[in-house]
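All ligand and atom numbering here is 1-based and tracks the order in the structure.
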Amino acid sequence: MSRKIAIIGGGWYGCHIASSLMALGFSVRLFEQNDRLLHEASGNNQFRLHLGFHYPRHATTRIQSRDGFSRFLERYGDLSRPIEENIYAVPRRTSLLDFDTYKLIMTATGISYKTVDQCGADLREIEGMILAEERVILIEKARHYFSAHLRQALSLSVRIESVEQTDRHVLVNGERFDYMVDATWGHFTPVPIQTFFEPTLLLYFEAAPNLPAVTFVDGPLYSIYPTEEPRVYTLSSVPHTPLGRYSSSAEACAARDSVNSDLIRSKLELMVNQACENVTYFHDQYRFLGPQIAIKTKPIGGSDDRSCYVGRQGRIFSVMSGKIDTIFFATERILSMMEADSDGPSQDIPSSLLANIRAKTVQIGMDIGG
Ligand SMILES: Cc1cc2nc3c(=O)[nH]c(=O)nc-3n(C[C@H](O)[C@H](O)[C@H](O)COP(=O)(O)OP(=O)(O)OC[C@H]3O[C@@H](n4cnc5c(N)ncnc54)[C@H](O)[C@@H]3O)c2cc1C
(Lines give C-alpha, C1' and ligand atoms only; values in the text may rest on other atoms or scores of the structure.)
Protein backbone atom coordinates (compact mmCIF):
# COMPACT_ATOMS: atom_id res chain seq x y z
CA MET A 1 0.00 0.00 0.00
CA SER A 2 1.41 3.42 -0.91
CA ARG A 3 2.53 5.52 2.03
CA LYS A 4 0.75 8.80 2.68
CA ILE A 5 3.01 11.80 3.14
CA ALA A 6 2.17 15.36 4.26
CA ILE A 7 4.58 18.05 3.10
CA ILE A 8 4.39 21.46 4.77
CA GLY A 9 5.65 24.37 2.68
CA GLY A 10 5.41 25.10 -1.04
CA GLY A 11 8.90 26.53 -1.59
CA TRP A 12 11.55 24.89 -3.78
CA TYR A 13 12.10 22.17 -1.17
CA GLY A 14 8.46 21.25 -0.60
CA CYS A 15 7.75 21.28 -4.35
CA HIS A 16 10.75 19.17 -5.32
CA ILE A 17 10.31 16.67 -2.47
CA ALA A 18 6.60 16.33 -3.33
CA SER A 19 7.35 15.83 -7.01
CA SER A 20 10.05 13.21 -6.30
CA LEU A 21 7.93 11.23 -3.84
CA MET A 22 4.95 11.28 -6.21
CA ALA A 23 7.16 9.91 -9.00
CA LEU A 24 8.05 7.01 -6.68
CA GLY A 25 4.39 6.18 -6.08
CA PHE A 26 3.85 7.82 -2.66
CA SER A 27 0.52 9.48 -1.97
CA VAL A 28 1.44 13.12 -1.30
CA ARG A 29 -0.38 16.22 0.02
CA LEU A 30 1.47 19.53 -0.05
CA PHE A 31 0.19 22.26 2.29
CA GLU A 32 1.11 25.88 1.61
CA GLN A 33 -0.22 28.79 3.64
CA ASN A 34 -0.07 31.25 0.72
CA ASP A 35 -2.34 31.05 -2.31
CA ARG A 36 0.56 30.29 -4.65
CA LEU A 37 3.79 28.30 -4.67
CA LEU A 38 7.32 29.75 -4.30
CA HIS A 39 5.93 32.80 -2.53
CA GLU A 40 8.45 33.26 0.31
CA ALA A 41 12.26 32.83 0.18
CA SER A 42 12.02 30.60 -2.91
CA GLY A 43 10.43 33.43 -4.90
CA ASN A 44 12.47 36.25 -3.31
CA ASN A 45 16.20 35.64 -3.57
CA GLN A 46 19.05 36.26 -5.97
CA PHE A 47 17.92 33.43 -8.30
CA ARG A 48 21.45 32.13 -8.72
CA LEU A 49 21.94 28.46 -9.50
CA HIS A 50 25.14 28.10 -7.50
CA LEU A 51 28.12 25.98 -8.47
CA GLY A 52 30.15 26.58 -5.29
CA PHE A 53 32.12 29.74 -6.19
CA HIS A 54 30.33 31.77 -3.54
CA TYR A 55 31.54 29.66 -0.62
CA PRO A 56 35.35 29.48 -0.27
CA ARG A 57 34.92 29.06 3.51
CA HIS A 58 32.75 25.93 3.47
CA ALA A 59 33.71 22.69 1.75
CA THR A 60 30.43 20.77 2.16
CA THR A 61 28.51 23.71 0.71
CA ARG A 62 30.79 23.81 -2.34
CA ILE A 63 30.56 20.08 -2.89
CA GLN A 64 26.78 19.99 -2.50
CA SER A 65 26.49 22.92 -4.96
CA ARG A 66 28.87 21.39 -7.47
CA ASP A 67 26.82 18.17 -7.52
CA GLY A 68 23.44 19.88 -7.19
CA PHE A 69 24.15 22.15 -10.17
CA SER A 70 24.43 19.27 -12.64
CA ARG A 71 21.48 17.43 -11.14
CA PHE A 72 19.38 20.58 -11.39
CA LEU A 73 20.31 20.83 -15.07
CA GLU A 74 19.29 17.21 -15.69
CA ARG A 75 15.96 17.52 -13.92
CA TYR A 76 14.96 21.18 -14.26
CA GLY A 77 17.27 22.46 -17.01
CA ASP A 78 14.40 24.39 -18.64
CA LEU A 79 13.75 26.25 -15.41
CA SER A 80 17.07 28.10 -15.64
CA ARG A 81 19.13 29.89 -18.28
CA PRO A 82 22.87 30.48 -18.71
CA ILE A 83 24.54 33.84 -18.07
CA GLU A 84 26.70 35.23 -20.84
CA GLU A 85 29.41 36.58 -18.58
CA ASN A 86 29.58 35.56 -14.92
CA ILE A 87 32.51 37.07 -13.01
CA TYR A 88 33.81 36.33 -9.50
CA ALA A 89 36.28 39.03 -8.45
CA VAL A 90 38.58 39.31 -5.42
CA PRO A 91 38.90 42.99 -4.42
CA ARG A 92 42.32 44.28 -3.40
CA ARG A 93 41.72 45.59 0.13
CA THR A 94 38.36 44.37 1.30
CA SER A 95 38.46 40.59 0.69
CA LEU A 96 39.15 38.14 3.51
CA LEU A 97 41.35 36.04 1.22
CA ASP A 98 43.80 36.59 -1.58
CA PHE A 99 43.14 35.70 -5.22
CA ASP A 100 45.53 32.71 -5.40
CA THR A 101 44.01 31.14 -2.28
CA TYR A 102 40.56 31.63 -3.77
CA LYS A 103 41.54 29.90 -7.01
CA LEU A 104 43.29 27.03 -5.18
CA ILE A 105 40.13 26.34 -3.16
CA MET A 106 37.96 26.24 -6.30
CA THR A 107 40.45 24.04 -8.17
CA ALA A 108 40.59 21.63 -5.22
CA THR A 109 36.78 21.45 -5.26
CA GLY A 110 36.85 20.35 -8.89
CA ILE A 111 34.83 23.20 -10.34
CA SER A 112 36.24 24.70 -13.49
CA TYR A 113 36.78 28.37 -14.21
CA LYS A 114 38.95 30.58 -16.37
CA THR A 115 41.20 33.34 -15.05
CA VAL A 116 40.58 36.56 -17.00
CA ASP A 117 42.27 39.98 -17.05
CA GLN A 118 39.30 41.94 -18.28
CA CYS A 119 35.53 41.68 -18.41
CA GLY A 120 32.54 43.61 -19.73
CA ALA A 121 32.24 45.36 -16.37
CA ASP A 122 34.73 48.15 -15.83
CA LEU A 123 36.04 47.01 -12.42
CA ARG A 124 38.59 48.77 -10.23
CA GLU A 125 40.55 47.87 -7.07
CA ILE A 126 40.53 44.20 -8.09
CA GLU A 127 43.31 41.70 -7.31
CA GLY A 128 42.04 39.17 -9.82
CA MET A 129 38.94 37.68 -11.39
CA ILE A 130 37.61 34.47 -12.89
CA LEU A 131 34.95 33.67 -15.42
CA ALA A 132 32.66 30.96 -14.11
CA GLU A 133 29.64 29.02 -15.29
CA GLU A 134 26.44 29.63 -13.32
CA ARG A 135 22.80 30.10 -14.25
CA VAL A 136 19.72 32.16 -13.44
CA ILE A 137 16.70 30.35 -12.07
CA LEU A 138 13.51 31.25 -13.96
CA ILE A 139 11.14 31.66 -11.06
CA GLU A 140 7.88 32.36 -12.93
CA LYS A 141 8.43 29.34 -15.13
CA ALA A 142 9.21 27.21 -12.07
CA ARG A 143 6.00 28.39 -10.37
CA HIS A 144 3.95 27.46 -13.43
CA TYR A 145 5.69 24.12 -13.75
CA PHE A 146 5.10 23.06 -10.14
CA SER A 147 1.54 24.44 -10.03
CA ALA A 148 0.61 22.23 -13.01
CA HIS A 149 2.75 19.24 -12.09
CA LEU A 150 1.62 19.04 -8.43
CA ARG A 151 -1.98 20.14 -9.08
CA GLN A 152 -3.63 17.07 -7.58
CA ALA A 153 -1.46 17.13 -4.47
CA LEU A 154 -1.82 20.83 -3.61
CA SER A 155 -3.68 22.36 -0.67
CA LEU A 156 -3.00 26.08 -1.09
CA SER A 157 -4.04 28.74 1.45
CA VAL A 158 -3.90 26.14 4.22
CA ARG A 159 -1.77 26.94 7.25
CA ILE A 160 -0.73 23.95 9.33
CA GLU A 161 -1.28 24.71 13.01
CA SER A 162 -1.14 21.34 14.75
CA VAL A 163 0.83 18.14 14.48
CA GLU A 164 0.50 15.11 16.71
CA GLN A 165 2.35 11.80 16.55
CA THR A 166 0.99 8.37 17.39
CA ASP A 167 2.96 5.09 17.23
CA ARG A 168 2.26 4.51 13.55
CA HIS A 169 0.97 7.82 12.22
CA VAL A 170 1.22 11.56 12.33
CA LEU A 171 -1.87 13.77 12.52
CA VAL A 172 -1.49 17.00 10.53
CA ASN A 173 -4.29 19.47 11.28
CA GLY A 174 -6.18 16.34 12.42
CA GLU A 175 -5.63 14.36 9.20
CA ARG A 176 -3.75 11.04 9.35
CA PHE A 177 -0.48 10.53 7.42
CA ASP A 178 2.34 7.98 7.59
CA TYR A 179 5.02 10.70 7.60
CA MET A 180 5.30 14.46 7.59
CA VAL A 181 8.04 16.55 5.97
CA ASP A 182 8.47 20.06 7.35
CA ALA A 183 9.83 22.11 4.43
CA THR A 184 9.12 25.53 5.94
CA TRP A 185 12.81 26.45 6.42
CA GLY A 186 12.35 26.27 10.19
CA HIS A 187 9.20 28.43 10.40
CA PHE A 188 6.99 25.59 11.71
CA THR A 189 9.08 23.03 13.63
CA PRO A 190 12.78 23.48 14.51
CA VAL A 191 15.50 22.46 12.04
CA PRO A 192 18.28 20.03 13.09
CA ILE A 193 21.02 22.67 13.55
CA GLN A 194 21.22 25.95 15.47
CA THR A 195 19.91 28.80 13.35
CA PHE A 196 18.48 32.30 13.50
CA PHE A 197 16.04 34.17 11.25
CA GLU A 198 17.32 37.09 9.21
CA PRO A 199 14.92 39.39 7.33
CA THR A 200 16.68 40.52 4.15
CA LEU A 201 16.57 43.33 1.62
CA LEU A 202 17.78 42.96 -1.94
CA LEU A 203 17.39 45.78 -4.45
CA TYR A 204 16.13 45.46 -8.02
CA PHE A 205 17.75 47.64 -10.69
CA GLU A 206 17.11 48.16 -14.37
CA ALA A 207 20.04 48.37 -16.80
CA ALA A 208 21.05 47.34 -20.31
CA PRO A 209 20.55 43.62 -21.04
CA ASN A 210 23.48 41.21 -20.83
CA LEU A 211 25.66 43.23 -18.49
CA PRO A 212 27.98 40.83 -16.65
CA ALA A 213 27.01 39.23 -13.35
CA VAL A 214 29.66 40.32 -10.84
CA THR A 215 30.21 38.79 -7.41
CA PHE A 216 32.91 40.06 -5.04
CA VAL A 217 34.36 37.48 -2.67
CA ASP A 218 35.01 36.84 0.18
CA GLY A 219 33.63 38.63 3.23
CA PRO A 220 31.51 41.76 3.74
CA LEU A 221 31.11 42.31 -0.02
CA TYR A 222 28.31 42.32 -2.60
CA SER A 223 27.03 41.03 -5.93
CA ILE A 224 25.05 42.14 -8.97
CA TYR A 225 23.18 39.30 -10.62
CA PRO A 226 20.70 39.09 -13.53
CA THR A 227 17.12 37.89 -13.16
CA GLU A 228 14.75 36.15 -15.57
CA GLU A 229 13.82 39.63 -16.90
CA PRO A 230 16.55 40.58 -19.40
CA ARG A 231 16.96 44.16 -18.09
CA VAL A 232 16.45 43.52 -14.38
CA TYR A 233 19.27 42.81 -11.89
CA THR A 234 19.50 42.29 -8.13
CA LEU A 235 22.04 43.97 -5.89
CA SER A 236 22.83 42.03 -2.72
CA SER A 237 25.21 43.17 -0.01
CA VAL A 238 26.64 41.06 2.82
CA PRO A 239 26.75 43.98 5.32
CA HIS A 240 23.61 45.86 4.20
CA THR A 241 21.12 43.18 3.05
CA PRO A 242 20.46 41.75 6.56
CA LEU A 243 17.76 43.61 8.51
CA GLY A 244 18.27 42.01 11.92
CA ARG A 245 18.74 38.72 13.69
CA TYR A 246 15.82 36.96 15.41
CA SER A 247 15.43 33.70 17.29
CA SER A 248 11.76 33.20 16.38
CA SER A 249 9.90 33.17 13.08
CA ALA A 250 7.18 35.45 14.50
CA GLU A 251 9.69 38.17 15.45
CA ALA A 252 11.38 37.94 12.05
CA CYS A 253 8.03 38.17 10.21
CA ALA A 254 7.08 41.24 12.29
CA ALA A 255 10.42 42.90 11.42
CA ARG A 256 9.98 42.05 7.74
CA ASP A 257 6.45 43.49 7.74
CA SER A 258 7.60 46.74 9.36
CA VAL A 259 10.10 47.65 6.62
CA ASN A 260 9.28 51.15 5.37
CA SER A 261 10.43 53.48 2.61
CA ASP A 262 12.85 55.40 4.90
CA LEU A 263 14.73 52.21 5.70
CA ILE A 264 14.82 51.21 2.04
CA ARG A 265 16.12 54.65 1.00
CA SER A 266 18.92 54.57 3.56
CA LYS A 267 19.91 51.02 2.54
CA LEU A 268 19.76 52.05 -1.13
CA GLU A 269 22.35 54.75 -0.53
CA LEU A 270 24.64 52.40 1.40
CA MET A 271 24.40 49.64 -1.18
CA VAL A 272 24.91 51.91 -4.20
CA ASN A 273 27.95 53.50 -2.54
CA GLN A 274 29.37 50.05 -1.90
CA ALA A 275 28.79 48.98 -5.51
CA CYS A 276 30.51 52.13 -6.80
CA GLU A 277 33.71 51.14 -4.96
CA ASN A 278 34.49 48.56 -7.64
CA VAL A 279 31.95 48.93 -10.47
CA THR A 280 32.81 52.30 -12.00
CA TYR A 281 29.66 52.64 -14.10
CA PHE A 282 27.14 51.48 -11.48
CA HIS A 283 25.78 54.92 -10.61
CA ASP A 284 25.21 55.92 -14.25
CA GLN A 285 23.95 52.68 -15.69
CA TYR A 286 21.66 51.13 -13.05
CA ARG A 287 18.27 52.62 -12.20
CA PHE A 288 16.62 51.57 -8.91
CA LEU A 289 13.33 49.72 -9.50
CA GLY A 290 12.22 48.53 -6.07
CA PRO A 291 12.97 46.35 -3.04
CA GLN A 292 12.81 42.61 -2.54
CA ILE A 293 12.11 41.56 1.05
CA ALA A 294 12.42 38.03 2.41
CA ILE A 295 13.50 36.00 5.45
CA LYS A 296 16.59 33.82 5.47
CA THR A 297 17.12 31.00 7.97
CA LYS A 298 20.84 31.03 8.71
CA PRO A 299 23.12 28.65 10.59
CA ILE A 300 24.92 30.20 13.56
CA GLY A 301 28.66 30.42 12.84
CA GLY A 302 31.18 32.24 10.71
CA SER A 303 32.05 29.60 8.13
CA ASP A 304 29.25 30.58 5.75
CA ASP A 305 27.71 27.11 5.92
CA ARG A 306 24.91 26.89 3.36
CA SER A 307 24.69 23.12 3.18
CA CYS A 308 21.51 21.12 3.65
CA TYR A 309 20.56 19.13 6.78
CA VAL A 310 17.65 16.78 7.39
CA GLY A 311 16.54 15.92 10.92
CA ARG A 312 14.03 13.39 12.16
CA GLN A 313 11.80 13.02 15.19
CA GLY A 314 9.66 9.92 14.92
CA ARG A 315 7.60 10.30 11.77
CA ILE A 316 8.45 13.95 11.21
CA PHE A 317 11.34 15.02 8.98
CA SER A 318 12.56 18.60 9.16
CA VAL A 319 14.61 20.12 6.39
CA MET A 320 17.17 22.86 6.88
CA SER A 321 17.58 23.85 3.29
CA GLY A 322 20.89 24.94 1.94
CA LYS A 323 20.47 26.76 -1.32
CA ILE A 324 18.17 25.77 -4.13
CA ASP A 325 20.71 23.33 -5.60
CA THR A 326 20.53 21.11 -2.48
CA ILE A 327 16.92 19.99 -3.04
CA PHE A 328 18.23 16.63 -4.29
CA PHE A 329 20.29 16.01 -1.17
CA ALA A 330 17.24 16.65 1.04
CA THR A 331 15.02 14.23 -0.88
CA GLU A 332 17.58 11.44 -0.77
CA ARG A 333 18.15 11.80 2.98
CA ILE A 334 14.39 11.56 3.60
CA LEU A 335 14.02 8.53 1.35
CA SER A 336 16.93 6.70 2.93
CA MET A 337 15.52 7.27 6.42
CA MET A 338 12.08 6.00 5.34
CA GLU A 339 13.68 2.98 3.67
CA ALA A 340 15.51 2.11 6.89
CA ASP A 341 12.08 1.90 8.58
CA SER A 342 10.72 -0.59 6.09
CA ASP A 343 13.84 -2.79 6.32
CA GLY A 344 13.14 -3.33 10.02
CA PRO A 345 15.92 -3.72 12.57
CA SER A 346 19.14 -5.10 11.08
CA GLN A 347 19.82 -8.72 12.09
CA ASP A 348 23.15 -10.30 12.95
CA ILE A 349 23.79 -12.79 10.16
CA PRO A 350 26.55 -15.34 11.01
CA SER A 351 29.48 -15.18 8.58
CA SER A 352 29.95 -18.18 6.28
CA LEU A 353 33.14 -16.88 4.71
CA LEU A 354 35.42 -19.50 6.34
CA ALA A 355 33.10 -22.34 5.32
CA ASN A 356 33.13 -21.04 1.73
CA ILE A 357 36.93 -20.90 1.67
CA ARG A 358 37.17 -24.46 3.03
CA ALA A 359 34.64 -25.73 0.48
CA LYS A 360 36.62 -24.15 -2.34
CA THR A 361 39.96 -25.64 -1.20
CA VAL A 362 38.36 -29.09 -0.98
CA GLN A 363 36.76 -28.64 -4.42
CA ILE A 364 40.07 -27.85 -6.11
CA GLY A 365 41.93 -30.56 -4.14
CA MET A 366 44.21 -28.34 -2.08
CA ASP A 367 45.09 -29.55 1.39
CA ILE A 368 45.83 -26.41 3.42
CA GLY A 369 45.44 -28.19 6.77
CA GLY A 370 44.38 -26.49 10.01
C1 LIG B 1 18.01 37.31 0.14
C2 LIG B 1 18.20 35.86 -0.24
C3 LIG B 1 18.99 35.54 -1.33
C4 LIG B 1 19.17 34.21 -1.68
N5 LIG B 1 19.83 33.91 -2.84
C6 LIG B 1 19.88 32.64 -3.27
C7 LIG B 1 20.41 32.32 -4.54
O8 LIG B 1 20.80 33.20 -5.31
N9 LIG B 1 20.49 31.00 -4.90
C10 LIG B 1 20.05 30.01 -4.07
O11 LIG B 1 20.17 28.83 -4.44
N12 LIG B 1 19.50 30.28 -2.87
C13 LIG B 1 19.38 31.57 -2.46
N14 LIG B 1 18.79 31.86 -1.28
C15 LIG B 1 18.32 30.74 -0.44
C16 LIG B 1 17.03 30.17 -1.00
O17 LIG B 1 16.10 31.19 -1.20
C18 LIG B 1 16.51 29.12 -0.01
O19 LIG B 1 17.49 28.14 0.22
C20 LIG B 1 15.28 28.41 -0.52
O21 LIG B 1 14.39 29.26 -1.16
C22 LIG B 1 14.60 27.73 0.67
O23 LIG B 1 13.48 27.05 0.15
P24 LIG B 1 12.44 26.39 1.14
O25 LIG B 1 11.47 25.67 0.30
O26 LIG B 1 13.17 25.63 2.19
O27 LIG B 1 11.79 27.63 1.94
P28 LIG B 1 10.69 28.71 1.47
O29 LIG B 1 10.85 29.09 0.07
O30 LIG B 1 10.73 29.81 2.48
O31 LIG B 1 9.34 27.91 1.58
C32 LIG B 1 8.76 27.59 2.82
C33 LIG B 1 7.26 27.64 2.63
O34 LIG B 1 6.63 27.16 3.81
C35 LIG B 1 5.40 27.86 3.95
N36 LIG B 1 4.96 27.73 5.35
C37 LIG B 1 5.60 28.13 6.46
N38 LIG B 1 4.90 27.78 7.58
C39 LIG B 1 3.77 27.14 7.13
C40 LIG B 1 2.66 26.54 7.80
N41 LIG B 1 2.56 26.50 9.15
N42 LIG B 1 1.69 25.96 7.03
C43 LIG B 1 1.78 25.96 5.66
N44 LIG B 1 2.81 26.53 4.99
C45 LIG B 1 3.81 27.10 5.72
C46 LIG B 1 5.78 29.29 3.56
O47 LIG B 1 4.64 30.06 3.23
C48 LIG B 1 6.74 29.06 2.40
O49 LIG B 1 6.09 29.13 1.14
C50 LIG B 1 18.58 33.18 -0.89
C51 LIG B 1 17.76 33.52 0.18
C52 LIG B 1 17.55 34.84 0.51
C53 LIG B 1 16.63 35.18 1.63
Side-chain angles (χ1 to χ4, degrees), residues 6-18 29-55 61 64-65 68-69 72 76 79-80 83 86 134-137 139 142-143 146 154-163 172-173 180-189 191 195 197-204 213 215 222-227 234-238 240-243 249-250 252-253 256 291-299 306-310 318-327 329-331:
I7 295 175
I8 321 301
W12 263 106
Y13 279 78
C15 289
H16 171 72
I17 294 166
R29 277 282 290 287
L30 190 156
F31 298 95
E32 166 55 50
Q33 64 187 356
N34 292 292
D35 60 4
R36 63 171 193 168
L37 297 173
L38 310 180
H39 187 77
E40 302 290 348
S42 293
N44 294 288
N45 60 70
Q46 209 170 23
F47 310 121
R48 181 193 305 255
L49 184 59
H50 283 271
L51 237 175
F53 291 105
H54 220 293
Y55 297 99
T61 303
Q64 286 189 358
S65 273
F69 183 88
F72 192 98
Y76 300 119
L79 304 183
S80 70
I83 301 169
N86 183 44
E134 268 181 344
R135 295 171 74 91
V136 180
I137 295 169
I139 195 65
R143 190 175 285 121
F146 283 121
L154 287 183
S155 291
L156 294 176
S157 306
V158 177
R159 183 177 163 80
I160 299 305
E161 307 279 1
S162 79
V163 174
V172 178
N173 274 8
M180 183 192 106
V181 176
D182 180 344
T184 64
W185 213 8
H187 286 268
F188 184 47
T189 61
V191 289
T195 54
F197 295 98
E198 180 183 270
T200 55
L201 173 72
L202 294 197
L203 302 178
Y204 285 113
T215 304
Y222 60 99
S223 54
I224 305 162
Y225 207 73
T227 66
T234 49
L235 173 61
S236 172
S237 158
V238 174
H240 305 308
T241 283
L243 300 176
S249 161
C253 290
R256 173 198 61 191
Q292 181 211 79
I293 301 162
I295 298 178
K296 193 178 269 185
T297 310
K298 250 184 172 170
R306 295 289 184 280
S307 52
C308 178
Y309 296 84
V310 177
S318 59
V319 180
M320 170 59 195
S321 44
K323 291 159 293 75
I324 292 159
D325 47 86
T326 38
I327 47 180
F329 175 88
T331 310

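For Ile324, heavy-atom contacts with ligand 1 shorter than 4.0 Å involve the backbone as well as the side chain. Here Thr184 has heavy atoms under 4.0 Å from ligand 1 in both its backbone and its side chain.
Using modelled atom types and a 3.5 Å distance limit, the side chains of Tyr222 and Thr241 yield no donor-acceptor pair. A side-chain donor from one of Ser223 and Gln46 sits under 3.5 Å from a side-chain acceptor of the other. Residues Arg306 and Thr61 have side chains that never bring a donor and an acceptor to within less than 3.5 angstrom of each other.
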| task | In sequence, state the C-alpha distance, the side-chain angles, and the governing distance for Phe146 and Tyr76, and then conclude on ring-ring contact (aromatic ring centres under 6.0 Å, His included). | result | CA-CA 11 Å; Phe146 283 121; Tyr76 300 119; 5.6 Å; yes
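Ring geometry for His187 versus Phe197: interplanar angle of 30 to 60°, hence tilted.
Residue His39 places every heavy atom at 4.0 Å or more from ligand 1. The shortest heavy-atom distance from Gly322 to ligand 1 is under 4.0 Å. Not a single heavy atom of Leu49 sits under 4.0 Å from any atom of ligand 1.
Taking atom 42 (N) of ligand 1 as the reference point, the nearest protein heavy-atom neighbour is Ile160 N, 2.9 Å. When hydrogens are left out, the protein atom nearest atom 25 (O) of ligand 1 is Tyr13 N, 3.1 Å; that is the closest non-hydrogen contact. Among protein heavy atoms, atom 20 (C) of ligand 1 sits closest to Ser42 OG, 3.9 Å.
The closest non-hydrogen atom to atom 5 (N) of ligand 1, taken over Glu134, Gln46, Arg48, comes from Gln46.
The distance from ligand 1 to the heavy atoms of Lys296 drops below 4.0 Å at these ligand atoms: 2 (C), 51 (C), 52 (C), 53 (C). Close approach of ligand 1 to Trp12 is summarised as follows: ligand atoms under 4.0 Å from at least one heavy atom of the residue are 25 (O).
For the side-chain hydrogen bond (donor to acceptor under 3.5 Å, both in side chains) test, no residue two or more places apart in sequence or in another chain qualifies with Thr200. In this structure, the side-chain hydrogen bond (donor to acceptor under 3.5 Å, both in side chains) partners of Glu198, at least two apart in sequence or on a different chain, are Lys298.
Evaluated for a side chain to side chain contact (heavy atoms under 4.5 Å, CB included) with Val319, the options Ile17, Val191, Asp182 yield exactly one hit, Ile17.
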